[in-house]
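Worksheet for the structure shown next.
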Amino acid sequence: MKEGIKILCVVGARPNFMKIAPIIKALRDHACFSEPFLVHTGQHYDASMKHCFFEQLGIPEPDVDLEVGSGSHAVQTAQIMLRFEPVLDDIRPAAVLVVGDVNSTVACGLVSVKKQYPLIHVEAGLRSYDRAMPEEINRVLTDQISDLLFTTERGAEQHLLDEGISRERIHFVGNVMIDTLYANLDRAMEAVEEVGPGEIRAILAKRQEFAMATLHRPSNVDDAVTLERLLDALRQASEQLPIIFPMHPRTHQRIKDAGLCHIIDRPGMVVTHPLGYLEMLGLMARSRLVFTDSGGIQEETTALGIPCITMRENTERPVTVEEGTNTVVGTDREKILRVFENVLATGGKHGRVPELWDGKAAPRIAEITARWFQ
Ligand code: UD1
């Protein structure tokens, strides 16, 4: 058993898994730390949203699964807090490390600091300045209570300073999600050959060009009028380029509830269940462009050099627009299609990979954390 500083790491939802994988590895590889303790809150519980990520990314089985499941934000956050507290009492780690901006991040962060455990936040300082986004609330609150804040892009530090967080606590280390991307790209290109539905295999076998799409933000899918408009834009685009659309359970449910299945039920739209990390990455890397409202995909497409059309009014990841391949288009159908046509005609933005997105963010985090304890 490796002796050293014990860090309790928290994951809850799909976008956390690819961030925690390199951090766990870096803590294991660093002489100062003991084996990290992993808590999964169970915010995401479907096999398609969870299991294959652990397996594909070599994340150890969580030491504890809080099994909170779905609920309103209040119920989900409260359940995580209630169930996390006894684990913390039992494990008594040297610090708690949370990633990203999901409900699990803020819930476990709050419990930790109230019990005076140091809190480490990875992916600090991102801001959309849109308080209607649940993730923005989670980001602002988690950053306020964190002791060590690790940022992915230069601009994040200024956001934190503006909010009164002292400079010594902030460290620009790069992007752990891109560590995972580089570590897995070769395997992803192989995995894609085996990918699920026959329709996807047929597209790949014919070496046909295609686009990818993902959609799950509450502001896009919970309102039937917006949802219909976005689906309609994708449907129209799919008449020129087939679209592979791995569908989040939330979006699937909303499409059924709103009676919009007919829009996606057509030949150019290949709708699948959520894909594994490797399949998704491999498909993105081979695609002509990606439509999304996800945060992480804006960064992954920038690292891959694939044009990204972000169907949101804003982004908390401006480096992907300023330096990368991302264009934030909003939710207007005509605007989405105009940018789509432009990408087809010109190949889209070329972009470059942002500073410190070099695959080594997690070892930097381990080293700075070790020094902080000393
Ligand atoms: C969460 C994160 C979001 C992240 C997204 C990625 C918050 C506030 N949001 O949003 O930042 O981009 O994950 O996926 O934490 N559901 C299932 N099976 C699951 C999980 C969810 O069926 O395994 C359904 C449930 O009906 C649930 C709905 O999806 O009510 C929403 O799930 P939830 O975890 O609340 O938020 P996400 O929309 O997934």
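These numbers come from a predicted model, not from an experiment. Whatever order the structure lists ligands and atoms in, that order sets their numbers, starting from 1.
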Among all the protein's non-hydrogen atoms, which is closest to [atom], and how far away is it?
atom                    : value
atom 13 (O) of ligand 1 : His44 CE1, 3.1 Å
atom 12 (O) of ligand 1 : His216 NE2, 2.9 Å
atom 16 (N) of ligand 1 : Tyr45 OH, 3.6 Å

Find all atoms of ligand 1 within a distance of less than 4.0 Å from any non-hydrogen atom belonging to [X], and give their numbers and elements.
X      : result
Glu135 : 2 (C), 3 (C), 9 (N), 11 (O)
Pro15  : 4 (C), 6 (C)
Gln76  : 34 (O), 35 (O)
Pro249 : 16 (N), 17 (C), 18 (N), 22 (O)
Ser70  : 25 (C), 27 (C), 30 (O)

Inspect the surroundings of CZ in Arg352 and state if more than 12 heavy atoms from other residues, nucleotides or ligands are less than 6.0 Å away.
no

Can you confirm whether Lys25 is buried at NZ, in the sense that more than 12 heavy atoms of other residues, nucleotides or ligands lie under 6.0 Å from that atom?
no

Considering only residues two or more places apart or on different chains, which pairs with a residue in residues 331-341 satisfy salt bridge (Lys or Arg N to Asp or Glu O under 4.0 Å)?
Asp232-Arg333

Are the side chains of Arg250 and Pro218 in touch, meaning some heavy atoms are under 4.5 Å apart?
yes

hydrophobic_cluster_shared for Met284 and Ile243, side chain cutoff 4.5 Å:
no

For the 3.5 Å polar cut-off, considering only N or O atoms, please tell me whether His73 and ligand 1 meet it.
no

Taking both backbone and side-chain atoms of Gln43, is any N or O found less than 3.5 Å from an N or O belonging to ligand 1?
yes

Among Arg14, Arg139, Arg250, Lys50, which one has a heavy atom closest to atom 32 (O) of ligand 1?
Arg250

Tell me, with the steps shown, if Asp147 and Ile120 meet side chain to side chain contact (heavy atoms under 4.5 Å, CB included).
CA-CA 6 Å; Asp147 297 281; Ile120 304 169; over 6 Å; no

Could you tell me whether Arg364 and Asp179 have a side-chain N and a carboxylate O separated by less than 4.0 Å?
no

As a test of understanding, state which of Glu135, Met133, His159 forms a side-chain contact (heavy atoms from CB on, under 4.5 Å) with Glu316.
Met133

